[in-house]
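Values below: every heavy atom of this structure, side chains too, minus hydrogens, waters and symmetry copies. Every chain is numbered from 1 and lettered A, B, ... according to where its sequence line falls, protein lines coming before strand lines.
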Amino acid sequence: MALEKTFDAQEAEARIYKAWEEAGAFKAGAHKKRDETFTIMIPPPNVTGALHVGHAFNNTIQDILVRWHRMRGFDTLWQPGQDHAGIATQLMVEKELAKTQQPSRAELGREAFLEKVWEWKGKYGSTIINQLKRLGSSCDWSRNAFTMSGAPGAPAGEEGNFHDAVIKVFVDMYEKGLIYRGKRLVNWDPHFETAISDLEVENIEVAGHMWHFKYPLAGGETYTYVEKDEDGNVVFSEERDYISIATTRPETMLGDGAVAVHPDDERYAPIVGKLCEIPVGPKEHRRLIPIITDEYPDMTFGSGAVKITGAHDFNDYQVAKRGNLPMYRLMDTKGAMREDGLSYQDSALLAAEILAGKPFTETEVDSINLVPDHLRGLDRFEARKQVIAEINAEGLAVMTTVTKKVKDEDGKESEVSETVPYVEDKPIMQPFGDRSKVVIEPMLTDQWYVDAEKVVGPALDAVRSGRTKIMPESGEKTYYHWLENIEPWCISRQLWWGHQIPVWYGLDLSAPNFQDDEGDGALDEVELIKLLTEGGMLHSGTVHHCAADFEAVHGKFFADMADLPTPLNHCRVVEVANRHEANELFASSLAEYNVTQDPTKLVYPIWRDADVLDTWFSSGLWPIGTLGWPNWDESTSKYFPTDVLVTGFDILFFWVARMMMMQLAVTGEVPFHTVYLHQLVRDEKGKKMSKTTGNVIDPLEIIDEFGADALRFTNASMASIGGVLKLSVDRIKGYRNFTTKIWNAARFAEMNEVFENYDPTVIPTPEATVNKWIVGETAKVLKEVDAAFADYRFNDAANALYAFVWGKFCDWYVELSKPLFYDGDDATKAETRQTMGWVLDQALTMLHPIMPFITEELWGTVHGARDMLAVSDWPTYGDDLIDPAADAEMNWVIDLIESIRSSRAEVHVPAGLKIPMVQVELDDAGKTAWANNEAMIMKLARLDSLSEGPMPKGAITISVAGGTFALPLEGVIDIAEEKARLEKALGKLAKELGGLRGRLNNPKFVASAPEEVVAEAQENLAAREEEEAKLKAALARLAEIA
RNA sequence: GGGCGUAUAGCUCAGUGGUAGAGCACUUCGUUGACAUCGAAGGGGUCACAAGUUCGAACCUUGUUACGCCCA
């Protein structure tokens, strides 16, 4: 069957991919020839994801490694799967519900909503899988994993046990004391009403304002505010009864716990330790706060004094912790000003007591709501406006004088000065939720944390000791930097779609209210009633236990109750939805007991933590979770530890470091020995791709237009270690042309009957120099490609193959083979066919990891009856195939052809014109080389004859190693032009000679440089001198005639 | 402000101390029996700047400048 003129990627790719799958080519262990395993875990794309250029790059790299190892006979597994992506998926499903007029998430309730999510996943969840297939990814899809598989409510087909692994790890870590619950400042998304990770926060510079307000000193005190210049001279002095504070968020002033100044700031030294007043809120309950010192304030920024709102700012939080300042929460989960808790009056009084030194607990502080009654319930931005207006109205804004031009009735301009509140317009960095797009609020909430400091050690050691290598090396520095300064990891999320935290709460029966007054081991009626009334049980704290499920946790609560007075120690533990239900059920149970005195009716209700785990907690277990841990057997566990992780630089902390910590904590093993980090894929100018900029390249469109192979080859050629990834359509187009080039080389071979008697199992041992040479070149490129792949230098492998296939095979070998095919004897034709067939096969094989489709297609077409290329052997031959004599000879031939062509072009000999050549002098090697390759040289240099003789007058000199030729072109060429050409060549030579002589004449060079380098320079000098002599002679001859 | 990088041909980038490279773009020529998604030939660089180490520096060191990314 004759090949078409070009490769139809669109038609072929789907067909070929299907054939691979049907052949089981991607199954774990396919083409296994040895016991060593090679495993790559795909960085799980979000189940909501669609393929973008980043995925395309990332998966190309993985596929190259996987295909290369598979062909080399490793027991290879590329483990695919997806991440359940809590917030993104929940959002997607909520949108879908709204779009299709279905009940909302809140209306559906948790269980029904989760059913909808699973339904959605069933419908759309495999989008990205199909897109990865279009790229040619050779994952073992039969093992596709999902981070929510096996979760309660998972439908048929989702029975994996990832959920069990996640829960088991949580319980284990909890029991080891590595997980705890605490109240800390988190990034709070007021739209989704959940904590989110740093990764999900985008800091964007927006136009903001800085307001300057006066915080009056308590009791009308005054001080002298003095500013000095660098030399200590007073430049400004003023008596003040206030301290000036600048803020971009005036609404948070309500929750201030102090004003902080730098300990070295002399301007405020007189008032440190005194109290000042927050200039907002009802006059009669103005709150006083202390002026403290802390290293945090920047003396040169603003007034140098900073208000400290521990509950709503990350820097302030640290200051508040250091200074043991109370942190007053001002907002609710929606980002509106709080309406719950105590009245403003009670809150202000309590805050005053705390200021006076009364000890406080977290719970007490959280009940304090310092939002004035008239601001309660307002959105935070609305509240900001109000606060500003009130301060301005009271005259407590710092004022400034501005001059502006006004026009009177006649249009006459005049300048007017007025005094206005001082508000700076300035860009500020504001945190936004990457999905919700709302301003993220630092919020003080109860969350679950991994005590990262306790698990970070092994993860650091593993990289320091080299057990895991991070590439590029700068990644290791970043890794150390982050892990050495690690913060507790907040792992709870206020979402529904995710792994629900395996912790149950119960009422704290050991609290004082539950005391048995008589100490008789039984509660009497009076004591029971006390429990039921306001201030009793309803306000008690809770206790909690962690276990995999209710069955496992219920015994722990039961054990807690053993020491309680009768009848409480007889309670049956039951599960309810939340604390509210627990209160009601426990109360009614006690009331019933009071009537019946039947302790068997008593129940102790417990409720499960409603929150789910951070998606990164589950994806942190990806390497073992996908393999079925903890219930794995040898058929899967043999693939762990995995080999290489290929992922983006941006998730080094969020994912890579966490996998290191978690796998080490759980299994004691590193999850992978190599981490290959790559940059974000950008557009050709280096800009981030974004919909708003309109510079997004859709990989699927690229595949449609240019084929997956072209995109993949582009990805490989960009993949220098740590390199910037700038994707340009022009470049992709160039590599599409490369595929066409390969295709046509195969077509040429086919037309010359290369494959008719071709035996792919035989490495050719030809006679013709050109055939020997190309066999050697093939061996050289294999060596280069293997070395490049082994070092993750995918660009080097791609470039080596490109240079070999286009620059050597197509540009030279195909051309040089033509005289052999057209004019050679039968034996020559036969050996050339076998050689060309073999070299082409080698090229297809070596290109396969990068360009699987076209290579597989040609592999099957040119020689049908064999295994698919994806599961064929990677070659292993070496330098033994290189024939140095053939190498030298071909290089001489190529040099000669190039110099004839070059000379012809420079003196404008018509390209089609065949001309004679004179051999002026030639050594034996040159004579042999000529004899062996005469037909090729004549054809490619467009010569019609060669004669021996002296240098003709007015001829062009062709100088090669060991000889001189001449093109007698008197009358054809312009003597002046030829002179110019020679002068230019001499000029270039002179420069090189100068450098070489300079070095060789320097005794220190000869003394200290390595011998090879000196020898090389000497040989080089000799060759250049010979060439110079020839050129000079040629010039002299020209001078004779002109 | 802290951390990590980058600066080489018009563009995009390779280049780990020994004669500055590739692809694209550009110029000239070419319907030579695979390919115009092609072929041949060519032009184009003070390797950001400065100092140092070295027989020798694009490469190592220090500083300067500019830019990028991450974190605050």
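For A/Lys818, the salt bridge (charged side-chain N to carboxylate O under 4.0 Å, His left out) criterion is met by A/Glu815, not counting sequence neighbours. Listed by chain and number, the residues in a ring-ring contact (aromatic ring centres under 6.0 Å, His included) with A/Phe706 amount to none (sequence neighbours excluded). Applying the ring-ring contact (aromatic ring centres under 6.0 Å, His included) rule to A/His312 yields no partners; only residues at least two apart in sequence or on another chain are considered. Applying the side chain to side chain contact (heavy atoms under 4.5 Å, CB included) criterion to A/Asp895, with sequence neighbours excluded, gives A/Glu898. Applying the ring-ring contact (aromatic ring centres under 6.0 Å, His included) test to A/His52 and every residue at least two apart in sequence or in another chain returns A/His55. A search for side chain to side chain contact (heavy atoms under 4.5 Å, CB included) contacts involving A/Glu701 returns A/Asp698, not counting sequence neighbours. Applying the ring-ring contact (aromatic ring centres under 6.0 Å, His included) test to A/Phe821 and every residue at least two apart in sequence or in another chain returns nothing. Legend: residues meeting side chain to side chain contact (heavy atoms under 4.5 Å, CB included) with A/Glu1026, ordered by chain and number and at least two apart, are A/Lys1030.
Taking the P atoms as reference points, B/rU6 lies 22 Å from B/rG10, given to the whole Å. Nucleotides B/rU16 and B/rC60 place their C1' atoms 10 Å apart, quoted to the nearest Å. Nucleotides B/rU54 and B/rG17 place their C1' atoms 9 Å apart, quoted to the nearest Å. Atom name C1', nucleotides B/rA51 and B/rG42: the rounded distance is 39 Å, in whole Å. Comparing B/rG15 with B/rA7, their C1' atoms are spaced 15 Å from each other, to the whole Å. The same atom, P, is picked in B/rA40 and in B/rA22; the two are 14 Å apart, to the nearest Å. Here the separation of B/rA41 from B/rA48, taken at their P atoms, is 31 Å to the nearest Å.
Nearest-nucleotide positions on RNA chain B place A/Tyr802 closer to the 5' end than the other of A/Thr6 and A/Tyr802. Both A/Met718 and A/Trp812 sit near RNA chain B, but only A/Met718 has its closest nucleotide nearer the 5' end.
A/Asn795 and A/Ser717 form no side-chain donor-acceptor contact under 3.5 Å, judged by distance and modelled atom types alone. Side chains of A/Arg999 and A/Asn1002: no donor on one and acceptor on the other come within 3.5 Å. In this model, a donor atom of one side chain and an acceptor atom of the other lie less than 3.5 Å apart for A/Thr252 and A/Lys307.
One atom, CG of A/Asp313, and another, C1' of B/rA72, lie 11 Å apart when rounded to the nearest Å. Whole-Å rounding puts the A/Ile470 CD1 to B/rC70 C1' distance at 15 Å. Rounded to whole Å, the distance from OH on A/Tyr479 to P on B/rC71 is 18 Å. What separates NZ of A/Lys733 from C1' of B/rC38 is a distance of 14 Å, to the nearest Å. Going from atom CG of A/Leu725 over to atom P of B/rC13 covers 9 Å, rounded to whole Å. For the pair A/Asp796 CG and B/rA14 P, the computed distance is 10 Å after rounding to whole Å. One atom, CG of A/Leu652, and another, P of B/rC69, lie 18 Å apart when rounded to the nearest Å. For A/Asp791 and B/rA14, the CG to C1' distance is 15 Å, given to the nearest whole Å.
Ring to ring, A/His863 and A/Tyr758 are close: their centroids are under 6.0 angstrom apart. Centroid-to-centroid, the aromatic rings of A/Phe748 and A/Phe809 stay 6.0 Å apart or farther.
Base-pair partner of B/rA22: B/rU12 (Watson-Crick or G-U wobble, both distances under 3.5 Å). Nucleotide B/rG5 forms a Watson-Crick or G-U wobble pair with B/rC67, both donor-acceptor distances falling under 3.5 Å. When Watson-Crick and G-U wobble pairs are counted only if both distances are under 3.5 Å, B/rC47 pairs with no nucleotide at all. The partner of B/rG52, taking Watson-Crick or G-U wobble pairs whose two distances both stay under 3.5 Å, is B/rC60. Across every strand in view, B/rC29 sits in a pair with B/rG39 that passes the Watson-Crick or G-U test at under 3.5 angstrom.
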Contacts under 3.5 Å, N or O only, protein and nucleotides 53-59 of chain B:
residue : atom : partner   : partner atom : Å
B/rC55  : O2'  : A/Asn1002 : ND2          : 2.7
B/rC55  : N1   : A/Ser1008 : OG           : 3.4

Table of protein N/O atoms under 3.5 Å from nucleotides 43-46 of chain B N/O atoms:
residue : atom : partner  : partner atom : Å
B/rG43  : OP1  : A/Lys984 : NZ           : 3.1

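Both tests hold for A/Arg464 against A/Tyr480: distance to the six-membered ring centre under 6.0 Å, angle to the ring axis within 45°.
Within 4.0 Å of A/Phe314, counting heavy atoms only, lies no atom of the nucleic acid at all.
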At under 4.0 Å between heavy atoms, which parts of nucleotides 26-35 of chain B does protein reach? Answer with one letter per nucleotide, 5' to 3': B base, S sugar-phosphate only, - none. ------SBBB
Can you check each nucleotide of nucleotides 1-12 of chain B against protein heavy atoms at under 4.0 Å and return B for base, S for sugar-phosphate only, - for none, in 5' to 3' order? ---SS------S
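Distances shorter than 4.0 Å separate some side-chain N or O of A/Ser902 from OP1 or OP2 on B/rG42. Contact between the side-chain N/O atoms of A/Asn737 and the OP1/OP2 oxygens of B/rC38 is found at a separation under 4.0 Å.
Put simply, the side chain of A/Trp743 gets close to the backbone of A/Glu4: a donor and an acceptor are under 3.5 Å apart.
How far CD of A/Glu857 is from CG of A/Leu844: 11.0 Å, rounded to the nearest 0.5 Å.
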